[in-house]
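By convention in this document, chain letters (A, B, ...) are assigned in the order of the sequence lines, proteins followed by strands, and residues within each chain are numbered from 1. In this text, all values refer to a predicted model and were calculated from it rather than measured experimentally.
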There are 2 protein chains.
Amino acid sequence: MQPPVTTRYKAASGGQLDSVASGHQVDTGSPSETAPERKRFSRPQSVARQLKDWIVEQGLQPGDRLPGEPEMIERLGHAKGTIREALRILETEGLIKTRTGPGGGVFVHAVSDARAQALLANYFYFKDLSIRDIYQLRRLIEPELVAELAGRLDEAALQRLEAVIATTEQVPHTPEEEREQHIASLEFHCILGELSGNPLLGFIVRFQVNVLRELTVHRKLYEPINPELREAGRAYQCRLVQALRAGDGESARAIMTRHMKTAQAMMEAQEATIAQRFLGDSTTGK
Amino acid sequence: MQPPVTTRYKAASGGQLDSVASGHQVDTGSPSETAPERKRFSRPQSVARQLKDWIVEQGLQPGDRLPGEPEMIERLGHAKGTIREALRILETEGLIKTRTGPGGGVFVHAVSDARAQALLANYFYFKDLSIRDIYQLRRLIEPELVAELAGRLDEAALQRLEAVIATTEQVPHTPEEEREQHIASLEFHCILGELSGNPLLGFIVRFQVNVLRELTVHRKLYEPINPELREAGRAYQCRLVQALRAGDGESARAIMTRHMKTAQAMMEAQEATIAQRFLGDSTTGK
DNA sequence: ACAAAGAATTTATCATGATAAATGAATCAT
DNA sequence: ATGATTCATTTATCATGATAAATTCTTTGT
């Protein structure tokens with residue numbers, strides 16, 4: 001499942017940062033002298049930016065430690081409140097975590113998937129994302145995705161997919177179970193996305209799935225339990241895994257294409273407008 | 001109003017929000033179990049959440065006003081610092097803006113595209129995004145995009161595209177000009193994405209373009225000026241617009257497919273190292 | 001040896017002003 | 001009128017502790 005050498009570049013040496021003249025020198029003292037341009041950034045933002053620069057320049061990795069609050073106060077010359085707000089910014093962006101206690105402090109943290117998803121969801125809160133929009137993309141992406149995946153998956157990956165299918169083996173008796181099964185079937189797509197080995201592709205697939213999942217949970221979509229549709233859904237998954245195992249990309253693509261069409265029709269038959277709400281805050285422990 | 005506080009948060013009342021991504025922490029009461037779900041939310045996070053709930057419940061729109069700092073302090077029963085940190089969280093997420101002066105205060109704000117892009121870029125900072133990854137998606141999306149767009153664009157849209165093409169009319173004499181032209185050609189794709197009318201699709205196209213643009217700006221990619229390639233690039237754009245105007249989706253798709261292939265080869269031919277850096281912070285006024 | 005209690009450490013929050021900066025409105029000088 | 005000035009309002013930042021909470025390390029008790 002690994003494509004030829006695709007040079008996975010990382011760690012740029014000179015990777016400078018936004019050249020933005022954050023040029024907010026921290027002269028503790030005479031502020032307004034040559035201040036022709038207005039203050040673009042608040043001080044907490046400036047501090048946050050400086051810390052980001054620091055992370056980039058030093059090539060800090062997740063788990064690495066940043067100076068503690070008191071040291072920042074001294075080194076950056078800002079008040080405690082300002083520093084704290086800056087840390088809060090970075091924490092919101094998902095780039096740091098703070099821990100209390102001995103050995104605690106501020107640590108670099110890789111932005112979690114959940115947080116990125118949540119932040120992106122906020123962006124779409126004021127947009128009108130329709131089911132059609134989402135499926136326009138899904139119908140584009142997922143068939144090709146499985147076509148590429150065909151024959152490239154190892155047994156472990158295939159079994160992972162089959163494990164998800166297994167959770168929908170029993171006929172659901174309650175709406176609760178039915179909902180869970182639907183979520184599981186969405187999970188199926190997430191796994192496919194991850195297996196592509198393309199972080200961007202995987203992320204997008206997951207995002208779409210998350211939006212759809214929200215619909216399911218909060219709008220009681222898929223409420224009417226339809227045995228035939230359910231069985232059809234299961235069948236497609238089974239056949240898909242079969243095609244993937246056989247390395248039959250054409251079939252996989254066809255199966256997924258058909259499924260996308262069906263799923264879209266199903267969803268559109270229900271509600272057409274996506275629930276307007278912020279997604280969760282992704283507290284992402286770890 | 002209420003005496004100091006013990007740890008109190010509103011445990012997701014009403015189920016409007018909360019619970020998404022990552023996990024379902026349906027509190028059962030038993031503290032320690034398979035999921036060491038420690039550390040709930042910090043208070044600033046709780047406050048931020050409450051304000052989000054408020055926004056959702058009241059259906060507040062961009063421009064609407066939120067209570068000012070002092071009122072929040074009183075109504076929510078938290079200290080000023082806590083409130084400020086909460087506001088900083090929301091500001092970082094792009095959901096509010098604060099203004100000083102008379103008539104100033106805290107206002108709901110639609111998350112700007114730039115901010116969403118920057119936040120998403122943070123996520124990919126610690127990932128290894130290769131050019132191949134990006135083009136895998138581009139090659140999937142953009143050909144179909146133009147195929148759908150064919151014949152659906154009004155004259156204004158077409159002229160918008162042509163205007164961008166026009167900027168690359170003159171043969172560039174300096175690397176500077178050459179770089180600007182390349183950026184303009186990327187802009188071409190952004191416009192196509194927007195014209196789709198699909199917010200999600202447009203966003204993804206823009207994100208890809210932004211990542212590639214970063215490359216161009218910071219890594220001197222496309223440095224060697226190649227007249228033939230340049231001309232070929234221009235030609236494809238012209239022919240594409242032509243096909244779009246004629247409503248010839250098949251041709252449009254073919255043209256774009258070819259272009260994607262060429263562009264990817266070009267990018268990969270360079271020592272394309274994806275710049276590891278945080279994108280700008282998107283101050284995005286209005 | 002091992003588990004529970006305690007101590008030490010570090011961030012989190014609270015509390016309380018005071019001063020600075022930004023900005024729209026009203027006012028005043030020309 | 002019109003441009004500059006002052007004023008009032010509201011957030012932004014600074015300053016300075018004092019408590020609280022969460023962890024890890026250490027010391028006990030059995």
Side-chain angles (χ1 to χ4, degrees), chain A residues 24-48 50-51 65-92 96-107 109 283 285, chain B residues 1-9 31-32 36-48 50-51 65-92 96-107 109 283 285-286:
Chain A
H24 189 298
Q25 303 322 68
V26 193
D27 294 286
T28 45
S30 47
S32 59
E33 32 198 74
T34 54
E37 44 188 272
R38 69 182 55 204
K39 186 155 49 168
R40 251 192 177 68
F41 298 98
S42 71
R43 261 177 278 206
Q45 279 174 328
S46 293
V47 172
Q50 288 177 46
L51 291 175
R65 181 175 199 148
L66 287 171
E69 242 179 60
E71 193 180 338
M72 286 187 193
I73 293 172
E74 200 196 336
R75 298 238 308 243
L76 301 176
H78 291 284
K80 184 168 65 176
T82 307
I83 298 293
R84 290 196 115 267
E85 287 181 26
L87 292 177
R88 212 51 101 173
I89 288 174
L90 292 177
E91 192 171 8
T92 301
I96 64 168
K97 289 279 182 191
T98 57
R99 288 206 307 268
T100 61
V106 184
F107 298 87
H109 193 273
T283 36
Chain B
M1 258 331 212
Q2 47 198 184
V5 199
T6 55
T7 339
R8 80 191 305 275
Y9 24 45
S32 59
E37 202 69 45
R38 82 266 266 187
K39 180 180 283 182
R40 304 271 181 158
F41 298 95
S42 71
R43 261 177 276 208
Q45 279 175 327
S46 294
V47 172
Q50 286 176 48
L51 291 174
R65 183 175 198 144
L66 287 171
E69 240 180 62
E71 192 179 340
M72 285 187 193
I73 293 171
E74 198 197 337
R75 298 235 309 239
L76 301 175
H78 292 284
K80 184 168 62 175
T82 306
I83 298 292
R84 291 195 115 264
E85 288 181 26
L87 292 177
R88 213 51 100 174
I89 288 174
L90 292 177
E91 192 171 7
T92 301
I96 64 168
K97 289 277 184 195
T98 57
R99 286 207 307 270
T100 61
V106 184
F107 298 87
H109 192 272
T283 34
K286 32 191 70 174

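The phosphate of D:dT10 has neither OP1 nor OP2 within less than 4.0 Å of any side-chain N or O from B:Thr98. In this model, the phosphate group of D:dA20 is not approached by any side-chain N or O of B:Arg43 to a distance below 4.0 Å at OP1 or OP2.
Rounded to whole Å, atom P of D:dT13 lies 16 Å from atom CZ of A:Arg88. Straight-line distance from the NE2 atom of A:His78 to the C1' atom of C:dA20: 15 Å, rounded to whole Å. Counting to the nearest Å, the C1' atom of C:dT10 and the NZ atom of A:Lys97 are 18 Å from each other. Atom NZ in B:Lys80 sits roughly 10 Å away from atom C1' in D:dC14 (whole-Å rounding). The interatomic distance linking B:Leu76 (CG) with C:dT13 (C1') rounds to 15 Å, in whole Å. Atom CD in A:Gln45 sits roughly 12 Å away from atom C1' in D:dA12 (whole-Å rounding). One atom, CD of B:Glu91, and another, C1' of D:dT11, lie 11 Å apart when rounded to the nearest Å. Atom CD1 of A:Ile96 is separated from atom C1' of C:dA12 by 14 Å (rounded to the nearest Å).
Counting non-hydrogen atoms under 4.0 angstrom, B:Arg84 reaches a base of the nucleic acid. Within the nucleic acid shown, A:Gly105 comes within 4.0 Å of sugar-phosphate atoms alone, with no base atom in reach, counting heavy atoms only.
Side-chain atoms of B:Thr100 lie closest to D:dT10 of the nucleotides D:dT10, D:dT13, C:dT11. In this structure, the nucleotide among D:dT11, C:dT11, C:dT13 sitting nearest to the side chain of B:Glu85 is C:dT13. When each of C:dT11, D:dT9, D:dT13 is scored by its nearest atom to the side-chain atoms of B:Pro102, the top-ranked nucleotide is D:dT9.
By the neighbour-count criterion of 12 heavy atoms within 6.0 Å, atom CD of B:Glu71 is densely surrounded, having more than that number from other residues, nucleotides or ligands.
Applying the salt bridge (charged side-chain N to carboxylate O under 4.0 Å, His left out) test to every pair with at least one member in residues 82-92 of chain B, sequence neighbours left out, gives these pairs: A:Arg84-B:Glu85, A:Glu85-B:Arg84, A:Glu85-B:Arg88, A:Arg88-B:Glu85, B:Glu69-B:Arg84, B:Arg88-B:Glu91.
Taking both residues in full, the closest heavy atoms of B:Met72 and B:Pro67 are given as CE-O, 2.9 Å, listed atom of the first, atom of the second, then distance.
Summary of the strand contacts: A:Ala79 and B:Glu69 both lie near DNA chain D, and taking for each the nucleotide with the nearest heavy atom, the more 5' one is attributed to B:Glu69.
In this structure, A:Ile83 CD1 and A:Ile73 CD1 are separated by 6.0 Å, a value rounded to the nearest 0.5 Å.
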TODO: Might you work through the side chain to side chain contact (heavy atoms under 4.5 Å, CB included) test for A:Leu51 and A:Leu87, ending with a clear yes or no?
DONE: CA-CA 9 Å; A:Leu51 291 175; A:Leu87 292 177; 4.1 Å; yes

